[in-house]
J.: 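Sharing a structure here in structure tokens format.
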Amino acid sequence: MDLLFLSILFFLLVSSSSAAVVSYDGRAITIDGEHRILLSGSIHYPRSTVEMWPDLIKKSKEGGLDVIDTYVFWNIHEPRRRQYDFTGNNDLIRFLKTIQDQGLYVVLRIGPYVCAEWNYGGFPVWLHNLPGIEFRTVNDVFMDEMKNFTTLIVDMVKQENLFASQGGPVIIAQIENEYGNVMSPYGDAGKAYIEWCANMAVSQNIGVPWIMCQQSDAPQPMINTCNGWYCDQFTPNNPNSPKMWTENWTGWFKSWGGKDPLRTAEDLAYAVARFFQNGGTFQNYYMYHGGTNFRRTAGGPYITTSYDYDAPIDEFGMGITIVFALVPTYLFRCDIQSAVCLIGNLKQPKWGHLKELHAVLHSIEKPLTEGNITNIDLGNSLAATIFATPEVSSCFLANNNKSSDATVTFQGNTFKVPAWSVSILPDCKTEAYNTAKVNTQTSVMVNKPNQSEDQPASLNWKWRPEKIDDTVHHGKGQMSARGLLDQKAAASDESDYLWYMLRVNLKKKDPIWCENMTIRVNGSGHILHTFVNGEHVGSQWAKYGVFNFVFEKNTKFKPGKNQIALLSATVGYQNYGPMFDTIQSGVVGSVEIIGRIGDETITKDLSGHKWSYKVGLHGYDHKLFEPNSALASKWKSGDLPTNKMVTWYKTTFKAPLGSDPVVVDLLGLGKGEAWVNGRSIGRYWPSYIAEDGCSTDACDYRGPYDNNKCVFNCGNPTQRWYHVPRSFLEDDENTLVLFEEFGGNPFLVNFRTTVVGTVCANAYEKSTLNISCQGRPISAIKFASFGAAEGTCGSFEKGVCEGSKDAVSILEKFCVGTECCSIEVTEDIFGKTNCDSSVTKRLAVEAVC
Ligand SMILES: *[C@@H]1O[C@H](CO)[C@@H](O)[C@H](O)[C@H]1NC(C)=O
Ligand SMILES: *[C@@H]1O[C@H](CO)[C@@H](O)[C@H](O)[C@H]1NC(C)=O
Ligand SMILES: *[C@@H]1O[C@H](CO)[C@@H](O)[C@H](O)[C@H]1NC(C)=O
Ligand SMILES: *[C@@H]1O[C@H](CO)[C@@H](O)[C@H](O)[C@H]1NC(C)=O
Ligand SMILES: *[C@@H]1O[C@H](CO)[C@@H](O)[C@H](O)[C@H]1NC(C)=O
Ligand SMILES: *[C@@H]1O[C@H](CO)[C@@H](O)[C@H](O)[C@H]1NC(C)=O
Ligand SMILES: *[C@@H]1O[C@H](CO)[C@@H](O)[C@H](O)[C@H]1NC(C)=O
Ligand SMILES: CC(=O)N[C@H]1CO[C@H](CO)[C@@H](O)[C@@H]1O
């Protein structure tokens, strides 16, 4: 062992075991007495795979983050009372250690209520079924369970020495979650509950601060923090608490039937810069990587399987990482000299534009956290802030006017500050960053067809009908009960599916008997399939934000016994709202048979009868989705049925070559669940088309953002592509199983890889233009112009003036064939232009990967 190695080893030993003192004052979190600017990003461990974690965290660090924030998901860890699961992507401790390995900190939001568009907000459904329980209020049953789980997590983290006070990465922990938003209906009990939460947290003795988000009355020493699209106006409830933003929404989640929301890089950067300008010192992106709701983990109800969130790292996360040193030359190709190439599956320009912002914020940590603050109102929504220490002063110039750009003279210098933007001047003289001036390329992702030579043109399918005779004809259940049961109570969380069955006797002489009889079901969702005497009468479902619907259909009954079978399917239990835990699902309203004779309506209410119940489906019970299911030999070939409800499909496929993320295209299918090699990739529902009301133009970043502001994808399936993590795939043969609930056609199903298709970039004269295909070679230059190009990515056009040299061939020469290239934008290189002096000349490029 040489000396260097020994000293490195010594350093590692010392640094990994030395406890840090995490504290705070009115300005910032302090670590070992140092005031810190902390930039954090949420990554939820169960929304990716163990194999993806190191790369996701590396990309977060590369993007300038100091901290990873995660919730702890009670329902995956304790799926049945006192039976625990911390395996695979539920391995919280391994996730925390992966973060520690990369030298980042952790904010551990234990909750254990988490909301998070996660099934039942993270509460295990068995909790609901404990006698006498009331959630999130002063109730011994609830508080005992909450304390039991919180203690379990804290003890696990302590045992591994993962709190900063023990030398670990966890610098902050959270108890409860956004309770302040829903608190008033709980009355005084809510206040007492929050007191109890605070005391219970403090009694855990973790040696680092606790926070409560959206809790304006947080008891000390809880730090109350802000969640929202903007938090610049927020002030904590104690002058000695720092101003912290625990959820700055980077985008928004998607619901079935909903559109694709987009939050621009400019607006997100503006929100962050405004927050720091107004005295904030800790902020967390929710989400920095959103990921995937595998299995049945999506909540809502009606949240999609993709939880991309329009976050800086896309759903698929994984990619090839190439990071080299900077090179001080005006032109380079990656294969000639080392360079900084961008890495795959970063959402550009969001990731890169924020990375630049993070670097600037970190560079002025001292003035931001310790300097004297002077705010100057410059009128017309212009605001300057000076952070002054004896050594250095740093300034922010904000133009909060959402339509007019401004030229500001500040301390003797003139600055152009576009509408709805913030400029940061680390020395109060030179602009290092403006939130509206994006230097980062725009990357447009595409899904490339398979590259595997031996993949057949179309997949070969086998199938099996779901066995429903026992239920639709014979009403065979596992239990019976008088009245209609809440699906949570009857099915707990064992399945999305619950059968409600009743045999009803009708006589021709009943007053209701007539030509025109209907069955009416007043359900609470989320999906209802109605069968009478074995025949499918019809199906209906609700949508995001609407719980109830009434199904009514003309039905042929027969004299004598009639078998009614209602198949109810949930699409994730409610995760938000006051007392959301009590909201019922399934057929909980009423079931009636209605006869209409002339003007007269006669109703026979069946709701209070003795119904029989069956949880789940036959194919699920027999694990048809597992390659070695006992029924593996029972799959049928030939005569593939299509548009047939409750049908299982199975095929084998070769994994696409390479390491790019894999997606499966499920266009043509209705709704159901998909498994690859026995592992669920989540619910699918490509037949749910995104409603109208899309933005027609490119998104204008100016003005306050909300999730309806910039929306796209109208008229297309809400989610057509589904993530198949590379780690789910085998080298040779793989199995895909689909349970098709509505009826669909698997003929079009195919696997693709998601890669950067084209990249666009703009760079002003005397700056450097950088473009990268994020791990693949640049294959062509589609557009390049030095001058005053117009349009945006995909629709660039030459402007009124241009350099004398052919920009396309210059870029072709330097960029084609390399993964990335970098070129200085000067007249020396691109030739003298015929632009007049009012034009700010820039190079605009669109390259094909
Ligand atoms: C949780 O409750 C169980 C009893 O149900 C008990 O054995 C266990 O010690 C409790 N755990 C904690 C951390 O309090
Ligand atoms: C924004 O600027 C316009 C043009 O200068 C001005 O008319 C308007 O009042 C400003 N709005 C605000 C909120 O300052
Ligand atoms: C900061 O404010 C204090 C109190 O007003 C003052 O004494 C000090 O000189 C100021 N420091 C700077 C760098 O402006
Ligand atoms: C482009 O790359 C160069 C060298 O890698 C770097 O110095 C420069 O800041 C980058 N420019 C932009 C706009 O990202
Ligand atoms: C897979 O790729 C081969 C060769 O590129 C192509 O011929 C075939 O149609 C593709 N199959 C599927 C299912 O996409
Ligand atoms: C049955 O009654 C409904 C509701 O009144 C009515 O709309 C429908 O036309 C009737 N159908 C027949 C066949 O009479
Ligand atoms: C359905 O049930 C809900 C309550 O469960 C009730 O408010 C509503 O009026 C009912 N609708 C119909 C059409 O019966
Ligand atoms: C929970 C929360 O903070 N919501 C806020 C999110 O941001 C919007 C827009 O600024 C506010 O209206 C919400 O109150």
J.: Which residues pass the ring-ring contact (aromatic ring centres under 6.0 Å, His included) test with H44, sequence neighbours left out?
T.: Y71, F73, Y286
J.: Taking ring-ring contact (aromatic ring centres under 6.0 Å, His included) as the definition, give me every residue that meets it alongside F830, ordered by chain and number, with sequence neighbours left out.
T.: F786
J.: Between the main-chain N or O of S216 and the side-chain N or O of N237, is there a donor-acceptor pair closer than 3.5 Å?
T.: yes
J.: Using side-chain heavy atoms (C-beta onward) and a distance below 4.5 Å, is N284 in contact with V67?
T.: no
J.: Can you confirm whether Y701 sits close enough to P418 that some side-chain heavy atom of one is under 4.5 Å from a side-chain heavy atom of the other?
T.: yes
J.: Nearest 0.5 angstrom please: L361 CG to F396 CZ, how far?
T.: 5.5 Å
J.: Would you say that P169 contacts L104 through its side chain, given a criterion of any heavy-atom pair below 4.5 Å between the two side chains?
T.: no
J.: Hey, could you give me the CG/CD1 distance between L108 and I171, rounded to the nearest 0.5 Å?
T.: 11.5 Å
J.: May I ask you to test the V22-Y105 pair for a side-chain heavy-atom distance under 4.5 Å?
T.: no
J.: Determine whether a donor-acceptor pair (N or O, by modelled atom type, separation under 3.5 Å) exists between the side chain of Y309 and the backbone of G291.
T.: no
J.: Does the side chain of F275 come within less than 4.5 Å of K243's, by heavy atoms?
T.: yes
J.: What I'd like to find out is whether the side chain of V444 reaches to under 4.5 Å of the side chain of C793, using heavy atoms alone.
T.: yes
J.: Could you walk me through whether E431 and K437 satisfy the salt bridge (charged side-chain N to carboxylate O under 4.0 Å, His left out) test, starting with their C-alpha distance in whole Å, then the side-chain angles of each, then the deciding distance to 0.1 Å, before giving a yes or no?
T.: CA-CA 11 Å; E431 175 187 308; K437 298 177 186 168; 3.2 Å; yes
J.: Are the side chains of I172 and V208 in touch, meaning some heavy atoms are under 4.5 Å apart?
T.: no
J.: Do E117 and R47 meet the salt-bridge criterion of a basic N to acidic O distance under 4.0 Å?
T.: no
J.: Assess whether salt bridge (charged side-chain N to carboxylate O under 4.0 Å, His left out) is satisfied between E370 and R27, documenting all intermediate values.
T.: CA-CA 7 Å; E370 293 175 2; R27 286 300 285 274; over 6 Å; no
J.: Name the one of T30, D25, T281 that satisfies side chain to side chain donor-acceptor pair (under 3.5 Å) with H35?
T.: D25
J.: If I compare all heavy atoms of I386 with all of C428, which pair ends up nearest, and what's the gap?
T.: CG2-SG, 4.4 Å
J.: Under a plain distance cut-off of 3.5 Å, with no hydrogens placed, do H358 and Y433 share a side-chain donor-acceptor pair?
T.: no
J.: Please report the closest heavy-atom contact between C821 and I778, naming both atoms and the distance.
T.: SG-CD1, 4.2 Å
J.: Grab the two heavy atoms, one from N399 and one from S404, that are nearest each other, plus how far apart they are.
T.: ND2-O, 3.0 Å
J.: Whether the Q174 and N177 side chains hold a donor-acceptor pair (N or O, under 3.5 Å, no angle test) is what I'd like checked.
T.: yes
J.: Give, for atom CG of L382 and atom CD1 of I376, the distance between the pair rounded to the nearest 0.5 Å.
T.: 12.0 Å
J.: Taking the six-membered ring where the residue is Trp, are the ring centres of F234 and W245 under 6.0 Å apart?
T.: no
J.: How long is the straight-line distance from CG of L357 back to NE2 of H362, given to the nearest 0.5 Å?
T.: 10.0 Å
J.: Please assess S40 against D69 for the test side chain to side chain donor-acceptor pair (under 3.5 Å), listing each intermediate value before the final yes or no.
T.: CA-CA 6 Å; S40 169; D69 169 302; 4.7 Å; no
J.: Any luck finding a side-chain donor-acceptor pair between N770 and S822 under 3.5 Å?
T.: yes
J.: Please give me the minimum heavy-atom distance between K841 and E827, naming the atom from each residue.
T.: NZ-OE2, 3.0 Å
J.: For the residue pair N227 and T225, confirm or rule out a side-chain donor-acceptor distance under 3.5 Å.
T.: no
J.: Going from CD1 on I373 to CG on N375, what distance comes out if it is rounded to the nearest 0.5 angstrom?
T.: 7.0 Å
J.: Do the side-chain N and O atoms of T440 and Q348 include a donor-acceptor pair separated by under 3.5 angstrom?
T.: no
J.: Parallel, tilted or perpendicular for W252 and W249, by the 30°/60° rule?
T.: perpendicular
J.: May I ask you to test the P209-Y24 pair for a side-chain heavy-atom distance under 4.5 Å?
T.: yes
J.: Taking NZ, NE, NH1 and NH2 as the nitrogens, is one of them in K429 or D427 under 4.0 Å from a carboxylate oxygen of the other?
T.: no
J.: Describe, in one word, how the ring planes of W53 and Y45 are oriented to each other, choosing from parallel (under 30°), tilted (30 to 60°) and perpendicular (over 60°).
T.: perpendicular
J.: Please report the interatomic distance CD(E365) to CG(L38), rounded to the nearest 0.5 Å.
T.: 7.5 Å
J.: Quick check: are the SG atoms of C213 and C226 less than 2.5 Å apart?
T.: no
J.: Quick one: do the Q277 and T385 side chains pair a donor with an acceptor below 3.5 Å?
T.: yes
J.: Regarding S306 and D308, is there a side-chain donor-to-acceptor distance under 3.5 Å anywhere?
T.: no
